[in-house]
Structure formats: structure tokens, C-alpha cells
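In what follows, a single structure is set out as C-alpha cells and then discussed.
In listed order, ligands and their atoms are each counted from 1.
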Amino acid sequence: MTVLDPKPLLEFRNINTHYGAVHILKDVDLAIYPGELVCLLGGNASGKSTTLKTLLGMVTPTTGEVVLDGEVVNDKPTSYRVERGITMVPENRRLFKRLSVKENLELGAYLRNDKDGIAEDLERIYGMFPRVKERLSQRAGTLSGGEQQMVAMGRALMSRPRVLLMDEPSMGLAPALVETNFELIQQIHKEGVAIFMVEQNANMALSIADRGWVLQTGKVVLDDTADALLQNQDLRAAYLGQA
Ligand SMILES: Nc1ncnc2c1ncn2[C@@H]1O[C@H](COP(=O)(O)OP(=O)(O)O)[C@@H](O)[C@H]1O
Ligand SMILES: [Mg+2]
């Protein structure tokens with residue numbers, strides 16, 4: 001268990017969101033502390049991606065506050081939030097398929113102008129993902145799913161995030177790669193980056209997480225340590241495929 005810094009990096013205070021007239025997130029409170037690994041579980045259409053998009057400013061809440069480092073950022077654009085240390089590996093990775101691997105990585109640093117720092121971070125990412133380094137001039141669209149996932153993570157790390165949001169990072173990966181993917185997530189976490197991860201793979205996500213939340217039709221129904229959630233009979237029945 002991570003020792004919690006008293007001040008959250010990222011918070012939702014009583015958030016409600018709508019798409020048109022449809023009420024999605026309902027009175028959601030969340031807090032993510034520096035350096036922890038938290039997972040968000042829940043069935044299809046329960047509002048998991050909407051949660052991440054609201055944190056990042058791609059969806060505007062109808063009521064409530066999104067708080068980054070103690071500052072209410074509801075009216076701040078995504079770029080402002082990225083500059084302050086939050087970034088996302090989107091669902092399905094969303095690489096620029098016709099650009100090279102190197103160009104994709106460099107785009108992750110588009111809000112930075114510290115050339116030396118950028119070069120340093122590229123080297124760090126090559127060290128972390130040697131397979132990416134071997135393919136720098138290759139078009140991103142020609143990589144395998146697992147390799148694309150590495151590039152997407154590398155691209156996100158190029159903004160030097162303090163908290164990384166990940167939307168279903170193991171989706172679409174061959175089973176053998178899912179485990180590697182979770183190992184990479186742990187590695188990033190060990191470097192001190194807080195991670196907030198949406199996953200369908202509840203068992204595996206909880207096995208590496210400190211804490212977890214469960215969303216059901218836009219409401220937080222469980223909020224506990226990962227160990228407690230792994231033992232929770234209701235959750236086991238609903239999401240872990242075992243009663
Ligand atoms: N841009 C949108 N416009 C209208 N409805 C949306 C939009 N995005 C998502 N929804 C709906 O909101 C609900 C929650 O979606 P989402 O947050 O993507 O769920 P999850 O990631 O948990 O599967 C779903 O019913 C989905 O169809
Ligand atoms: Mg989703």
C-alpha cells in the first residue's frame with residue numbers, strides 16, 4: 001500500500017456529467033494521490049471513459065469540481081491540464097499511423113520546449129522499451145498491437161506526467177501480451193508516476209493496484225483497497241467471473 005500524501009493530485013468533487021439529456025456520472029467523488037496506482041472497474045457503458053475524459057477536460061461536467069493540485073480546473077482546457085502533469089493513453093492507443101514511431105514520441109512533448117530534457121526522456125523511453133528503439137523510423141501503423149501500446153505509453157511519458165490516465169490498456173492485445181503490458185505499467189509506476197487505469201481485466205488490474213473504484217451506471221458503488229476488492233464477494237461475482 002502506498003503511503004498517501006495528504007494532498008490529492010487529482011480530484012472529482014461531486015461530479016455530474018450529461019451527454020445531452022442523458023445523465024452519465026452521478027455525484028462522483030474521487031481522489032488520486034501522488035505515486036499511487038488506482039484502477040477504475042465497471043461494466044460496459046458505466047461511465048469509465050467519461051470519467052477519464054472529464055478529468056482531462058474533454059468532457060465538461062454539468063455540476064461539481066475537477067481539481068488538479070488543489071486548483072479547480074473546470075474552465076481550463078486540456079492543454080493546461082497536460083502542462084500541469086496529467087496525460088492519457090487513450091482507448092485503442094490512437095497513434096498517428098502514418099507518422100514514424102519517433103515522430104509519434106516527439107508529439108508527446110509538443111507542449112515542451114526544453115530540448116535537452118526531451119532528448120533525455122527519449123533515451124529513457126528507449127531504455128524502457130528497446131523494441132521501440134529498433135523501430136524508430138517505421139510507420140506506427142505497421143507495428144504490432146503490443147508495440148503500438150509501447151509507443152502510446154512512451155508518447156504519454158514524453159509530457160513528463162505526474163499522473164497517467166489509461167483507458168483499457170490491455171484491450172485488443174493478444175493474451176500473451178496482456179501480462180507484459182501490466183508489467184510495463186508497473187515499471188512506469190515504480191518510477192513514481194501515479195496511474196489511474198480503466199480496465200475490464202479486473203483481476204489483473206487489482207493485482208497490481210493500490211486501490212480501486214467500481215462504477216455502476218455512473219455511480220461509485222465500491223471504493224476500497226485493491227486487496228479488499230479482490231476479496232469482495234459481490235465484485236467477484238460481477239466482474240472477476242468467480243463467486
Ligand atoms: N459523446 C457521446 N455522446 C453521447 N453519449 C455518449 C458519448 N460518449 C459516451 N456516451 C454514452 O455514455 C455512456 C457511458 O459511456 P462511457 O463513459 O464511454 O462508458 P464505458 O467507458 O464505461 O464503457 C454510454 O451509454 C455511452 O453510449
Ligand atoms: Mg470506455
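- Taking distance alone, with nitrogen or oxygen atoms compared against 3.5 Å, Lys48 approaches ligand 1 more closely than that limit.
- A ring-centre distance under 6.0 Å is found for Trp213 and Phe196.
- Between Lys48 and Leu215, the shortest heavy-atom distance links the atoms N-CD1, 3.8 Å.
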Show your working on salt bridge (charged side-chain N to carboxylate O under 4.0 Å, His left out) between Arg160 and Asp121 and close with a plain yes or no.
CA-CA 8 Å; Arg160 284 209 181 165; Asp121 284 352; 2.7 Å; yes
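- At a cut-off of 2.8 Å, Ser49 is counted among the residues with an N, O or S atom near the Mg ion (ligand 2).
- Scanning all protein heavy atoms for the shortest distance to atom 9 (C) of ligand 1 gives Tyr19 CE1, 3.3 Å.
- Less than 4.0 angstrom separates atom 26 (C) of ligand 1 from none of the non-hydrogen atoms of the protein.
- In this structure, atom 12 (O) of ligand 1 lies nearest to the protein heavy atom Ile24 CD1, 3.3 Å.
- Taking the ring axis of Tyr80 as reference, the NZ or CZ atom of Arg84 stays within 45° of it and closer than 6.0 Å to the ring centre.
- Salt bridge present: Glu191 and Arg124 bring a charged side-chain N and a carboxylate O closer than 4.0 Å.
- Under a 4.0 Å heavy-atom criterion, Gly42 is not in contact with ligand 1.
- Close approach of ligand 1 to Gly43 (heavy-atom distance below 4.0 Å) involves ligand atoms 22 (O).
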Identify each donor-acceptor pair in which a side-chain atom of residues 166-173 lies under 3.5 Å from a protein atom, sequence neighbours left out, and give them as a table.
residue: Asp167; atom: OD2; partner: Ser49; partner atom: OG; Å: 2.7
residue: Glu168; atom: OE2; partner: Gln200; partner atom: NE2; Å: 3.3
residue: Ser170; atom: OG; partner: Glu199; partner atom: OE1; Å: 3.0
residue: Ser170; atom: OG; partner: Glu199; partner atom: OE2; Å: 2.7

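- Regarding atom 14 (C) of ligand 1, its nearest protein heavy-atom neighbour is Ala45 O, 3.7 Å.
- Looking at His189, its side chain does come within 3.5 Å of a backbone N or O of Gly35 through a donor-acceptor pair.
- Both the backbone and the side chain of Thr50 come within 4.0 Å of ligand 1, counting heavy atoms alone.
- Protein heavy atoms are found inside the 4.0 Å sphere centred on atom 20 (P) of ligand 1.
- With hydrogens left out, the protein atom closest to atom 18 (O) of ligand 1 is Ser49 CB, 3.5 Å, a heavy atom.
- Glu36 places a side-chain N or O within 3.5 Å of a backbone atom of Tyr33 that can act as its donor or acceptor partner.
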